[in-house]
Protein chains: 4
Amino acid sequence: MQRPDEKKRQKITATAAKLFATRPFHEVRLDDVAAAAQVGKGTLYIYFKSKEDLYRSLIHDGVMQIMEQLSQSITNDLSPGDALEKTIRLMVTFAYAHPYLFELMRAIDSFKGRESLLPARRQLIGFIEQVLRRGADQQSWTDPHPQLTAVFIPGLIRSAILYGPKDIKEKALADQILRLFRHGLQKETFR
Amino acid sequence: MQRPDEKKRQKITATAAKLFATRPFHEVRLDDVAAAAQVGKGTLYIYFKSKEDLYRSLIHDGVMQIMEQLSQSITNDLSPGDALEKTIRLMVTFAYAHPYLFELMRAIDSFKGRESLLPARRQLIGFIEQVLRRGADQQSWTDPHPQLTAVFIPGLIRSAILYGPKDIKEKALADQILRLFRHGLQKETFR
Amino acid sequence: MQRPDEKKRQKITATAAKLFATRPFHEVRLDDVAAAAQVGKGTLYIYFKSKEDLYRSLIHDGVMQIMEQLSQSITNDLSPGDALEKTIRLMVTFAYAHPYLFELMRAIDSFKGRESLLPARRQLIGFIEQVLRRGADQQSWTDPHPQLTAVFIPGLIRSAILYGPKDIKEKALADQILRLFRHGLQKETFR
Amino acid sequence: MQRPDEKKRQKITATAAKLFATRPFHEVRLDDVAAAAQVGKGTLYIYFKSKEDLYRSLIHDGVMQIMEQLSQSITNDLSPGDALEKTIRLMVTFAYAHPYLFELMRAIDSFKGRESLLPARRQLIGFIEQVLRRGADQQSWTDPHPQLTAVFIPGLIRSAILYGPKDIKEKALADQILRLFRHGLQKETFR
DNA sequence: CATGAATGAGGCTTCATTCAT
DNA sequence: TATGAATGAAGCCTCATTCAT
């Protein structure tokens, strides 16, 4: 990803992320992106092939970052329970550090070439699924549909970030998700 | 002389829902909507103020329908557990019956007048929250953040519908969500 | 000019005149005309062939009315000076009685078929020209360009009505025009 | 890199003036303006906010030009009579040099924001009025309504240009107007 | 004759993309 | 590499006109 001026590329990326998160794709004008990033409009086309390419790059880069962090942190020597906890905490932390990413993923799967932008997301879901499968295989828990549960995790984070109470804290969110996965809503006495 | 026709409005609505669900807002052409609905382009503007108004109406109508079904089905004589189960099953059923709605809600919250279309969604979330609070109040379960949990429910359904395994069945999805809420992933010995 | 319902036709005409005088042609919607005239939109097409036909009719009818009044009042037994005075006073009176007409004539000559709507105006100008020529022929006055002077008269009235001081009275306007024609701005002593 | 080009703006202005003078506002297509000016359609919007803005600019610029010429030529050391003559000759000359302007002013006062474009016109009328008042003050002539007479002058020119004999010459027009202002139609014995 | 819902041609305008500088 | 003026395809929307009732 070494381009002529990596600094400038990142300035564009950061600016664009903000704008794309704030309004829907079709309301973001490249004029605005360029102005906000303090570069010429033509400059955008030096770093990105098109508006859609810029947009996809944002998502791709973001998801790739989570993926990298996950693959580094979630090693096979962790117990399945620890792996799941770490996965969730790491994703929640990431969501708070990159408040735009989950909002951005909003429309990602709807572009014409739907297939072309799933890979990064698929990888992420696949990774989570493996964590869940390991837990089921090792009988740490039971899950008839780990593939389904895997998509639940980003789904929960996204809905919390976008629609949840504004004052919810990172730790509270992670705890609540973990609580759900550990023992649902049931009374403490079940534990 | 013809009177404004509710049938025609619904034909447009149904057609538009399909198209808006298939591609992102900015890729849906009103020409196509009109053609698919077999009405003139101008006719759209008899029933809807603008493209965005049409889009918002779809969501609004859909969410309102869920709301109505919920308010009719979820009565206070149900036990909290039954109320939660019924809520989830009803929403999942609705999601399968209206495969476009959850897809549509994708971008809805990003339009300029964000505030203007949340009401319906807020109502829905508020309703779910009440169900959850009743359960907590009556000590059927414990939930430190019912407002957060409330947004989880549509979030789970949405992520399953959009990104889950294509062959997942309605019952399996509802069961999985219920399982999660009832006792998480745990076996007796979980952790 | 006997149509099915002459009352209704006149109501439309009167309403349309007001609207066309208030805004430029392209800003007057037939929807508005119909609503203001309290008739259905389709009804307009019973009385007029098209929007432009409606517009032209307004002018045509108005100019024809002036013409009729002029031909009745300005007879050959009048002295040229009296004829000119009567012509001017009559036109000014008409302008005050039909405040919209001169405003309406604004754009009349610019439509595609420019030639097709001049006739009424030409007749009017021609009539005034005859009055002027008679005065010149009978040596009541001198005018090297009676055809030019003829167009001056409606031009003066129009500019006074549209751009003149709002409080100018009918008599004052007629007097001022007559004064100009009689002895220009020159000092009273010339008289 | 190209800078916004005053030349290009003027090319557009000149072209548009021709077209707007030829047909009424609503029959002028911006496509045609762009094509005739040999610029892209979008280019129009770099220099003008909208079709109406383009139109108004034409008038405004034109009236401003007359104003400038007048303020430069009509100085207080001129006798009132000379000032009036110069004013009229200058305006007539301008009308012949810019055959479109008076035609353009046709509909100008009817747009929604009527107030917004009168300033230039008002200035012009105000200027003429001053010339007339000076003459009256210095007893060069008598005029009970200089404000009315002031609007007469552009009114006369306009009607002559638009409706007068096609072959009338610039000098003949100015002479005729001057004759009118100097001593009306009278022969020594008029009336 | 009267109506107003329906139509669709066509306009204005936007905005991603290009390219001369 | 960087710029932003220029472009023109394409969309939303309007509104004169039609026609079923």
Side-chain angles (χ1 to χ4, degrees), chain A residues 3-5 8-9 25-35 38-55, chain B residues 1-5 8-9 12 26-35 37-54, chain C residues 3-5 8-9 25-35 38-54, chain D residues 1-5 8-9 12 25-35 37-54:
Chain A
R3 295 297 185 88
D5 183 341
K8 193 165 283 192
R9 184 189 153 83
F25 185 83
H26 71 280
E27 281 182 16
V28 177
R29 273 163 298 128
L30 289 192
D31 270 330
D32 298 341
V33 176
Q38 292 172 300
V39 299
K41 213 182 337 164
T43 308
L44 300 181
Y45 284 83
I46 295 171
Y47 294 90
F48 302 93
K49 216 168 57 259
S50 69
K51 181 181 181 184
E52 196 172 322
D53 180 52
L54 167 57
Y55 182 80
Chain B
M1 191 180 38
Q2 312 133 71
R3 316 243 97 247
D5 187 354
K8 191 163 283 190
R9 189 195 152 90
I12 293 171
H26 70 281
E27 282 179 16
V28 176
R29 313 280 156 239
L30 287 193
D31 273 349
D32 298 341
V33 176
Q38 291 172 298
V39 298
K41 226 176 324 164
T43 307
L44 299 181
Y45 287 83
I46 296 173
Y47 294 91
F48 303 93
K49 232 178 25 268
S50 67
K51 182 181 180 183
E52 192 173 324
D53 180 52
L54 167 57
Chain C
R3 295 298 184 89
D5 184 341
K8 192 166 281 191
R9 184 183 207 277
F25 186 83
H26 71 280
E27 281 181 17
V28 177
R29 274 164 296 130
L30 290 193
D31 270 330
D32 298 340
V33 176
Q38 291 172 300
V39 299
K41 212 180 339 162
T43 308
L44 299 181
Y45 284 83
I46 295 171
Y47 295 89
F48 302 94
K49 214 168 57 260
S50 69
K51 182 182 181 183
E52 196 173 320
D53 179 52
L54 167 57
Chain D
M1 191 181 36
Q2 312 131 70
R3 315 244 96 247
D5 186 355
K8 190 162 285 190
R9 188 195 152 91
I12 294 171
F25 186 84
H26 70 280
E27 282 179 16
V28 176
R29 313 281 155 237
L30 288 192
D31 273 348
D32 297 341
V33 175
Q38 290 172 300
V39 298
K41 227 176 322 164
T43 307
L44 300 181
Y45 286 83
I46 295 173
Y47 295 91
F48 303 93
K49 235 179 22 269
S50 67
K51 182 181 181 183
E52 193 173 324
D53 180 53
L54 167 56

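Just so it is clear: chains get the letters A, B, ... in the order the sequence lines come, proteins before strands, and each one is counted from 1.
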[N] [atom2] sits how many Å from [X] [atom1], rounded?
X: R9(B); N: dA6(E); atom1: CZ; atom2: C1'; result: 17 Å
X: D5(D); N: dA6(F); atom1: CG; atom2: C1'; result: 11 Å
X: I12(B); N: dT7(E); atom1: CD1; atom2: P; result: 9 Å
X: Q38(D); N: dA5(F); atom1: CD; atom2: P; result: 21 Å
X: Y55(A); N: dA16(E); atom1: OH; atom2: P; result: 14 Å

Quiz prompt | Given dA6(F), dT3(F), dA6(E), the nucleotide with the shortest approach to the side chain of I46(B) | solution =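 Of the options given, the side chain of I46(B) lies nearest dA6(E).
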Exercise. Spell out protein contact along nucleotides 9-16 of chain F as letters: B when the base is contacted, S when just the sugar-phosphate is, - when no protein heavy atom is under 4.0 Å; keep the 5' to 3' order.
Key: BBSSBBSS
Quiz prompt | Atom of L30(A), atom of L44(A) and distance for their closest heavy-atom approach | solution =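 Nearest heavy atoms, L30(A) then L44(A): O-CD1, 3.6 Å.
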Practice problem: Would you please classify the geometry between the Y55(A) ring and the F25(A) ring as parallel, tilted or perpendicular, with 30° and 60° separating the classes? | Solution: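 Rings of F25(A) and Y55(A): perpendicular, over 60°.
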Exercise. For K8(A) and for L44(D), find the nucleotide of DNA chain F with the closest heavy atom, then tell me which residue's nucleotide is more 5'.
Key: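 Nearest-nucleotide comparison on DNA chain F picks K8(A).
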Self-check item: Partners meeting salt bridge (charged side-chain N to carboxylate O under 4.0 Å, His left out) with D5(D) (sequence neighbours left out)
Solution: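 Partners of D5(D) by the salt bridge (charged side-chain N to carboxylate O under 4.0 Å, His left out) criterion come out as none, since no residue qualifies.
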Applying side-chain hydrogen bond (donor to acceptor under 3.5 Å, both in side chains), can you list everything that pairs with [X], at least two apart in sequence or on another chain?
X: K51(C); answer: none
X: D53(D); answer: none
X: R29(D); answer: none

Practice problem: Measure the CG-CD distance between D32(C) and E27(C) for me, rounded to the nearest 0.5 Å. | Solution: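 Reported to 0.5 Å precision, the distance equals 10.5 Å.
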Self-check item: Interatomic spacing from CZ in R9(A) to OG1 in T43(A) - rounded to 0.5 Å
Solution: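 Between atom CZ of R9(A) and atom OG1 of T43(A) there are 14.0 Å.
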Quiz item: Any side-chain heavy-atom pair from I12(B) and F48(B) closer than 4.5 angstrom?
Solution: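 Side-chain contact under 4.5 Å: yes.
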Exercise. Answer with base, sugar-phosphate or nothing: what part of the nucleic acid does Y47(D) contact at a heavy-atom distance below 4.0 Å?
Key: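 The answer is sugar-phosphate, as Y47(D) gets under 4.0 Å only of primed atoms, P, OP1 or OP2.
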Quiz item: With Watson-Crick and G-U wobble geometry limited to distances under 3.5 Å, how should the secondary structure of DNA chain F be encoded in dot-bracket form, using | for bases paired to another strand and [ ] for crossing pairs?
Solution: .||||||||||||||||||||
